[in-house]
Visitor: 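Dropping a structure here in structure tokens format, bear with me for questions.
What's counted below: heavy atoms across the whole structure, side chains too, no hydrogens, waters or symmetry copies. In each ligand, atom 1 is the first atom listed, and ligand 1 is the first ligand listed.
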Amino acid sequence: MQESEIDLRALVRTIPDYPKPGIQFRDITTLLGDGAGLTECIEQLAAPYRNAGVEAVAGIEARGFILGGAVADRLSCGFVPIRKKGKLPAKAIGQDYELEYGIDAIEIHEDALRSGERVLLVDDLIATGGTAVAAAKLLKKLGAEIVGAAFVIDLPDLGGCEKLAAIGLECHTLIAFEGD
Ligand code: AMP
């Protein structure tokens, strides 16, 4: 967590019971729509990695594309999309992961990264960590070296950052919503 003049937390809108009853949806479109807030958010996401030799940012569909693209620009490196199954045009490799009900899959182009390339994983929010762990597995399958994983929002009660720590990845998060 970091201090700033801009209250990023206040720029996130909470939609109760979306997409289903009991879920507090943390909507970052209000943050993205605020110029000063967006600049501050991207600055804070990128800050710990300025001298970390990041060679590529990998962002998870879809909000991870918006944030990850901006972070890549800030770090002067390329961007690699991790997409939902069946969306990438060239040859891709996949990774299944568990949702609350059922299984989903994400994919990455098999030639997206070089073996040993230093990659930063970016998404808007970490909840249970299932999506981020699956993304990390994809990056490792390509032989990439994961420098870290950065998220705007942490839902600490759901244990996602602990799950990433268990596979040796450090989480960088900007704001937290307790009790989800
Ligand atoms: P998880 O795999 O449980 O860590 O969930 C993370 C992914 O689901 C991220 O891509 C988030 O955008 C999305 N997500 C999960 N829970 C929420 C929530 N309460 N509000 C907004 N997005 C969420």
Visitor: Between the candidates Ile153, Thr128, Ile126, Leu158, which shows the shortest non-hydrogen contact distance to atom 3 (O) of ligand 1?
Guide: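 When every heavy atom of Ile153, Thr128, Ile126, Leu158 is considered, Thr128 comes closest to atom 3 (O) of ligand 1.
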
Visitor: Indicate, as side chain, backbone, both or neither, the part of Leu155 found under 4.0 angstrom from ligand 1 when only non-hydrogen atoms are considered.
Guide: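 It is the side chain that gets close, since no backbone atom is under 4.0 Å.
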
Visitor: So, the side chain of His109 versus the backbone of Pro81: is there a donor-acceptor pair under 3.5 Å, distance only?
Guide: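 Between the backbone of Pro81 and the side chain of His109 there is no qualifying donor-acceptor contact (under 3.5 Å).
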
Visitor: What protein heavy atom is closest to atom 19 (N) of ligand 1, reported as residue, atom name and distance in Å?
Guide: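 Result for atom 19 (N) of ligand 1: Gln24 O, 3.0 Å.
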
Visitor: Just need the protein heavy atom nearest to atom 20 (N) of ligand 1, so name the residue and atom and give the distance.
Guide: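 The protein heavy atom lying closest is Arg26 N, 3.0 Å.
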
Visitor: Evaluate whether atom NZ of Lys140 has more than 12 neighbouring non-hydrogen atoms of other residues, nucleotides or ligands under 6.0 angstrom away.
Guide: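 Check passes, neighbour count above 12.
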
Visitor: Quick one: look up the protein heavy atom nearest atom 2 (O) of ligand 1 and list residue, atom name and how far away it is.
Guide: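 Answer for atom 2 (O) of ligand 1: Thr131 OG1, 2.5 Å.
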
Visitor: Which residue owns the protein heavy atom closest to atom 10 (O) of ligand 1, what's the atom, and how far is it?
Guide: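 Result: Asp123 OD2, 2.8 Å.
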
Visitor: Does the protein come close to atom 8 (O) of ligand 1 - that is, does one of its heavy atoms sit below 4.0 Å from that atom?
Guide: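 No, there is no protein heavy atom closer to it than 4.0 Å.
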
Visitor: For atom 23 (C) of ligand 1, which protein heavy atom lies nearest, and how many Å away is it?
Guide: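 Among all protein heavy atoms, the one nearest atom 23 (C) of ligand 1 is Leu125 CD2, 3.6 Å.
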
Visitor: Given 3.5 Å as the limit, does a donor-acceptor pair link the side chain of Glu55 with the main chain of Arg118, or not?
Guide: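 Side chain of Glu55 to backbone of Arg118: a pair is present.
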
Visitor: Return yes if some donor-acceptor pair links the side-chain N/O of Asp154 with the main-chain N/O of Ala176 below 3.5 Å, else return no.
Guide: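 Not a single qualifying donor-acceptor pair exists.
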
Visitor: Keeping the roles fixed (side chain from Asp17, backbone from Gly22), state whether a donor-acceptor pair exists under 3.5 Å.
Guide: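 Yes, Asp17 side chain to Gly22 backbone: donor-acceptor pair under 3.5 Å.
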
Visitor: Answer yes when Glu61 and Lys85 have at least one side-chain N-carboxylate O distance shorter than 4.0 Å, and no when they do not.
Guide: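 No, Glu61 and Lys85 are not salt-bridged.
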
Visitor: Ignoring angles and geometry beyond distance, decide whether Gly129 reaches within less than 3.5 Å of ligand 1 through its nitrogen or oxygen atoms.
Guide: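 Gly129 vs ligand 1: N/O contact under 3.5 Å present.
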
Visitor: Considering only NZ, NE, NH1 and NH2 on the basic side and carboxylate oxygens on the acidic side, decide whether Glu107 and Arg83 come within less than 4.0 Å.
Guide: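 Arg83 and Glu107: not salt-bridged.
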
Visitor: Starting from atom 12 (O) of ligand 1, what is the nearest protein heavy atom, named by residue and atom, and what distance separates them?
Guide: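 Answer, as residue, atom name and distance: Asp124 OD1, 2.8 Å.
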
Visitor: Who gets closest to atom 22 (N) of ligand 1 by heavy atom: Tyr97, Phe25, Phe151?
Guide: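 When every heavy atom of Tyr97, Phe25, Phe151 is considered, Phe25 comes closest to atom 22 (N) of ligand 1.
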
